[in-house]
Amino acid sequence: AAFGCEVEELRFPLLSKNMQVMHETIVQQFTVKAAQQSRDALSKIVFAALFDLVVEHINTVSRSPVSSHSIGILDIFGFEML
């Protein structure tokens, strides 16, 4: 329930997709490779969202007039001084 939903609610979209053909819905199961790509895409989205929250928090804290601290962050894109 960490993402605001139950595990089963994530399982279907990570392992399969619905296709609408005419007036019929067809469920297509992903291959192992496609399911892994789906998992990896979700992981990247979660990482990006968490990183944005951390940067937003740092920016908020560093705007205070008494802030004379510097913070270095190492992410997948490299090292940045904030």
Tell me which donor-acceptor pairs under 3.5 Å the side chains of residues 44-56 have, and how far apart each pair is, sequence neighbours excluded?
none

Under 3.5 Å, sequence neighbours excluded: what are the donor-acceptor pairs made by side chains of residues 20-31?
| unit_1 | atom_1 | unit_2 | atom_2 | d |
| --- | --- | --- | --- | --- |
| Q20 | OE1 | T25 | OG1 | 2.9 |
| T31 | OG1 | A34 | N | 3.1 |

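Distance CG/L15 to CZ/R39: 10.5 Å, rounded to 0.5 Å.
The salt bridge (charged side-chain N to carboxylate O under 4.0 Å, His left out) test applied to E8 returns R11, not counting sequence neighbours.
The two residues P13 and S38 make their nearest non-hydrogen contact at O-OG, 3.7 Å.
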